[in-house]
A.B. asks: 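So that we are looking at the same thing, I have put the structure below in structure tokens.
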There are 2 protein chains.
Amino acid sequence: MNNNILKSADLKQTKKRNLILSVLEAAPTALTVEEIAEIASKEMKMNLSTIYRALNALADKNVVIKTLYQDGKTYFEINNHKHRHSLICSMCNKKVNLDVCPLEPIEENLAQKTGYTITGHNLEIYGICPECMKHMPSEDNDN
Amino acid sequence: MNNNILKSADLKQTKKRNLILSVLEAAPTALTVEEIAEIASKEMKMNLSTIYRALNALADKNVVIKTLYQDGKTYFEINNHKHRHSLICSMCNKKVNLDVCPLEPIEENLAQKTGYTITGHNLEIYGICPECMKHMPSEDNDN
DNA sequence: ATTCGTGCAAAGGGTTTGCACTATT
DNA sequence: AATAGTGCAAACCCTTTGCACGAAT
């Protein structure tokens, strides 16, 4: 229930924020503000600024995670405290969540070697999904 | 010698492009366009557009690698075909190169599980460097 | 001489912000 | 009633682009 989320983040309860949160909760992957607006617009329309402000407020409270992807857009997802990464199709943008994070064992080692206090990381993996692979304009296959 | 790099990339040889390349070659980590401009300006001044265009041309030829970091800026580095990642201080932005890439073993596995053809990945690790740690305004240390 | 690189200023895309207004507490 | 959220338009930052000029082949 979103009520608690907003309350415990010291944010006022509004229909829009609740809707934004429920969109994120229903989403299988991180979403851009435009994607959120698109989905949310089925129930009510709201300004992009509103979504940005809501998400930034929530990110400040660590309720959502904000990540800038290589496409130049910021993606948001609920911070469920399960650490995840995405595999993104470079052609259709379809995303698959990974449940492995290969980095935790590395980070401790790294902290020792560098003296840095590791605070986090950002990992995106890119590829071509099977569907796009099928419909690939044959660019460099030698038939 | 840069001559060969530009020639083999089918790009005209200019003083500015050579300078840009030598700045990148001397750099221990990936640099932003502004950082490159700053360093290069000691030898000659050039417009940011020129740097952007030179780097994009080189990135298209895979001579340099172009990566968008979480600070919203694009970083460029020579593509020496050694796969590297950076550890970045969130406070002073100092970067350390890692020579481990923990992802290659994972990717093969991933390809099987998802059917994706993996084409690459992006990994940044964030932390606080020892110097910044020393001078940290004590925010949440309980003394 | 042709082709490509460069500077400048303007435009672009995504995100943020100031202000007046509206809703929540 | 006080405080915080929202819409709108303008501003912002980094990057890209059009055009006229200049340099490399």
Side-chain angles (χ1 to χ4, degrees), chain A residues 1-23 30-38 40-41 43-61 63-77 93 124, chain B residues 1-23 30-38 40-41 43-61 63-77 93 124:
Chain A
M1 194 139 259
N2 296 329
N3 307 15
N4 314 319
I5 296 183
L6 286 169
K7 193 178 292 176
S8 58
D10 274 310
L11 295 170
K12 272 185 187 165
Q13 189 90 12
T14 69
K15 293 189 184 83
K16 311 204 170 181
R17 299 224 264 226
N18 279 326
L19 178 51
I20 291 168
L21 279 172
S22 67
V23 168
L31 299 176
T32 63
V33 165
E34 294 227 25
E35 288 168 335
I36 295 167
E38 160 82 27
S41 70
E43 302 208 14
M44 70 177 63
K45 78 182 196 356
M46 61 182 99
N47 195 280
L48 287 189
S49 304
T50 302
I51 304 180
Y52 276 112
R53 278 192 273 230
L55 290 169
N56 283 333
L58 290 163
D60 287 346
K61 308 282 187 179
V63 174
V64 305
I65 297 171
K66 180 179 177 177
T67 312
L68 180 59
Y69 281 42
Q70 292 300 308
D71 65 1
K73 293 179 191 155
T74 303
Y75 286 70
F76 294 90
E77 64 191 303
N93 226 38
E124 299 143 47
Chain B
M1 194 137 259
N2 295 330
N3 307 16
N4 314 319
I5 296 183
L6 286 168
K7 193 179 294 176
S8 58
D10 274 309
L11 296 170
K12 272 187 187 163
Q13 190 89 11
T14 69
K15 293 189 184 83
K16 309 204 172 183
R17 301 221 263 226
N18 279 325
L19 179 50
I20 292 168
L21 278 173
S22 66
V23 168
L31 300 175
T32 63
V33 166
E34 294 229 25
E35 289 169 333
I36 294 167
E38 160 82 27
S41 70
E43 304 208 14
M44 69 176 64
K45 78 184 197 353
M46 62 183 99
N47 196 281
L48 287 188
S49 305
T50 302
I51 305 180
Y52 276 112
R53 279 192 273 228
L55 291 169
N56 283 333
L58 290 163
D60 287 348
K61 308 284 186 173
V63 174
V64 305
I65 298 171
K66 180 179 176 178
T67 313
L68 180 57
Y69 281 43
Q70 293 299 308
D71 65 2
K73 293 179 191 155
T74 303
Y75 286 70
F76 294 90
E77 64 191 302
N93 227 39
E124 299 143 47

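Residue numbering restarts at 1 for every chain, and letters A, B, ... go by the order of the sequence lines.
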A.B. asks: Pairs under 3.5 angstrom only: tabulate donor-acceptor contacts from the side chains of residues 43-53 of chain B to other protein residues two or more places apart or in another chain.
C.D. replies:
| residue | atom | partner | partner atom | Å |
| --- | --- | --- | --- | --- |
| Asn47(B) | OD1 | Ser49(B) | N | 2.8 |
| Asn47(B) | OD1 | Ser49(B) | OG | 3.1 |

A.B. asks: For residues 64-71 of chain B, which side-chain donor-acceptor pairs fall under 3.5 Å, sequence neighbours excluded?
C.D. replies:
| residue | atom | partner | partner atom | Å |
| --- | --- | --- | --- | --- |
| Lys66(B) | NZ | Asn56(B) | OD1 | 2.7 |
| Gln70(B) | OE1 | Leu68(A) | N | 2.9 |
| Gln70(B) | NE2 | Leu68(A) | O | 2.7 |
| Gln70(B) | NE2 | Asn122(A) | OD1 | 3.1 |
| Asp71(B) | OD1 | Lys73(B) | N | 2.9 |
| Asp71(B) | OD2 | Tyr75(B) | OH | 2.6 |

A.B. asks: Round to a whole Å and report the spacing from NZ of Lys7(B) to C1' of dC4(C).
C.D. replies: 17 Å

A.B. asks: Considering non-hydrogen atoms only, spot the tightest contact between Ala40(A) and Leu19(A) and give its length.
C.D. replies: O-CD2, 3.7 Å

A.B. asks: Salt bridge (Lys or Arg N to Asp or Glu O under 4.0 Å) with Glu124(A): which residues, sequence neighbours excluded?
C.D. replies: none

A.B. asks: Report the distance from atom CG of Leu6(A) to atom P of dT6(D), rounded to the nearest whole Å.
C.D. replies: 10 Å

A.B. asks: From CG of Leu55(A) over to C1' of dT15(C), roughly how many Å is that when rounded to an integer?
C.D. replies: 12 Å

A.B. asks: Report yes if some heavy atom in the side chain of Val63(B) is under 4.5 Å from a heavy atom in the side chain of Leu11(B); otherwise report no.
C.D. replies: no

A.B. asks: Which residues pass the side-chain contact (heavy atoms from CB on, under 4.5 Å) test with Ser41(A), not counting sequence neighbours?
C.D. replies: none

A.B. asks: Heavy atoms under 4.0 Å is the rule here; annotate nucleotides 15-25 of chain D 5' to 3' with B where the base is hit, S where only the sugar-phosphate is, and - elsewhere.
C.D. replies: BBBB-----BS

A.B. asks: Output the rounded distance in Å from NZ (Lys16(A)) to C1' (dC8(D)).
C.D. replies: 12 Å

A.B. asks: Write down the distance between CD1 (Ile51(A)) and C1' (dG14(C)), rounded to a whole number of angstrom.
C.D. replies: 14 Å

A.B. asks: What is the distance, to the nearest angstrom, from the CG atom on Leu58(B) to the C1' atom on dC4(C)?
C.D. replies: 14 Å

A.B. asks: Within this structure, what is the CD1-to-P distance between Ile36(B) and dC14(D), rounded to whole angstrom?
C.D. replies: 15 Å

A.B. asks: Nearest-Å distance, CG (Asp71(B)) to P (dT15(C))?
C.D. replies: 15 Å

